[in-house]
Amino acid sequence: AGAIYLWKGGAALAGSVAATARLAVTSPVANDHLGQATLLADVTGDGTADIVAGTPDADIGTATDAGAIHLWAGGSALSGSPAPVNTLTIPSTVAGDALGVLRSGSVRVQGGCFCADVTGDGTLDMVAGATSADTGAVVDSGAVFVWAGGSGLLSANAPTATLVIPSAAAGDRLGFA
């Protein structure tokens with residue numbers, strides 16, 4: 001579960017100030033770990049910073065700990081308790097994929113979500129690793145997923161690109177350091 005709290009900036013941001021928004025997922029489950037990777041970046045291309053938050057242990061359907069990335073569009077709608085405008089997941093996800101998790105040795109490193117213009121169109125894209133993702137029938141080969149930024153990110157769920165190791169073997173864990 002978890003939540004992300006926001007405070008409106010500006011000259012009034014002084015002293016003891018109450019949060020203006022509480023961001024949470026619609027059906028939280030204990031130990032989903034919302035916000036272990038949280039980014040502020042304009043990924044929708046409208047000139048306003050958006051909130052991107054990973055939930056690396058989110059359950060997707062019957063797949064436990066598959067992971068998800070939630071998007072809240074920035075702007076005046078970020079007050080109260082708005083629902084995410086989109087939730088990004090891995091197609092055909094299975095239990096333990098843990099989208100947004102990278103590993104270093106035996107340690108899980110949260111924060112495997114990044115924003116960068118990797119498509120070359122001038123708009124920030126979403127990039128997330130999943131070292132335990134299965135690609136095809138190859139178990140735990142790992143993958144990096146790219147969602148193109150822009151207004152399409154408000155509704156598109158499928159990644160624009162899935163980066164995998166050619167001729168991957170079980171346990172390769174792309175993104176494992």
Side-chain angles (χ1 to χ4, degrees), residues 1-2 4 23-39 41 43-45 50-73 83-104 106-119 121 123-177:
I4 299 165
L23 309 181
V25 296
T26 308
S27 301
V29 176
N31 299 313
D32 279 352
H33 301 117
L34 171 66
Q36 286 198 345
T38 302
L39 307 167
V43 294
T44 58
D50 306 304
I51 311 293
V52 177
T55 9
D57 296 309
D59 299 342
I60 307 299
T62 60
T64 57
D65 299 340
I69 299 171
H70 305 282
L71 171 65
W72 285 269
V85 296
N86 200 0
T87 298
L88 309 175
T89 59
I90 301 172
S92 304
T93 194
V94 298
D97 278 349
L99 178 63
V101 170
L102 301 178
R103 295 184 184 271
S104 180
S106 62
V107 177
R108 263 176 66 136
V109 179
Q110 310 299 341
C113 300
F114 306 93
C115 297
D117 179 18
V118 297
T119 59
D121 63 0
T123 301
L124 293 175
D125 307 305
M126 279 302 312
V127 180
T131 56
S132 297
D134 301 344
T135 53
V138 184
V139 176
D140 292 344
S141 56
V144 174
F145 300 90
V146 177
W147 288 268
S151 61
L153 197 55
L154 294 171
S155 59
N157 185 280
T160 306
T162 301
L163 312 177
V164 298
I165 301 170
S167 303
D172 275 349
R173 295 186 185 269
L174 179 62
F176 187 92

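Counting from 1, the numbers follow the sequence of the chain as shown.
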Closest heavy-atom contact between W147 and N157? NE1-O, 2.8 Å
So which atom in V85 and which in A73 form the shortest heavy-atom distance, rounded to 0.1 Å? CG2-N, 3.8 Å
With rounding to the nearest 0.5 Å, note down the distance linking CG in L23 to OG1 in T38. 9.0 Å
Nearest heavy-atom contact between T26 and P84 is OG1-CD, 4.5 Å
Looking at C113 and G100, what are the two nearest heavy atoms and their distance? SG-CA, 4.0 Å
Determine yes or no for a side-chain-to-main-chain donor-acceptor pair under 3.5 angstrom, with T55 supplying the side chain and A68 the backbone. yes
Going by heavy atoms in the side chains, are L71 and V43 under 4.5 Å from each other? yes
Could you tell me whether the side chains of R173 and S132 share a donor-acceptor contact shorter than 3.5 Å? yes
Using side chain to side chain contact (heavy atoms under 4.5 Å, CB included) as the criterion, point out the one residue from I90, L88, T89 that pairs with F145. I90
Taking all heavy atoms of A24 and all of W72, pick out the closest pair and write down the distance. O-CZ2, 3.6 Å
Can you name the nearest heavy-atom pair linking A148 to T160, along with the distance? N-OG1, 2.8 Å
Answer yes or no: is there a donor N or O on one side and an acceptor on the other, between the side chain of D57 and the main chain of H33, under 3.5 Å? no
Rounded to the nearest 0.5 Å, the CD1 atom of I69 sits from the CG atom of L39 at a distance of 8.5 Å
Has the side chain of N86 got a donor or acceptor atom that lies under 3.5 Å from a matching backbone atom of L153? yes
Counting only N and O atoms by type, is there a donor-acceptor contact under 3.5 Å from the side chain of D59 to the main-chain atoms of D65? yes
Checking V118, V127, V146 against L163 for side chain to side chain contact (heavy atoms under 4.5 Å, CB included), the one that qualifies is V146
Among D172, T131, T135, D134, find the residue that satisfies the side chain to side chain donor-acceptor pair (under 3.5 Å) test when tested with S141. T135
With a 3.5 Å distance limit and no angle check, can you tell me whether D97 reaches the backbone of L99 through a side-chain donor-acceptor pair? no
What distance separates T44 OG1 from D50 CG, expressed to the nearest 0.5 Å? 3.5 Å
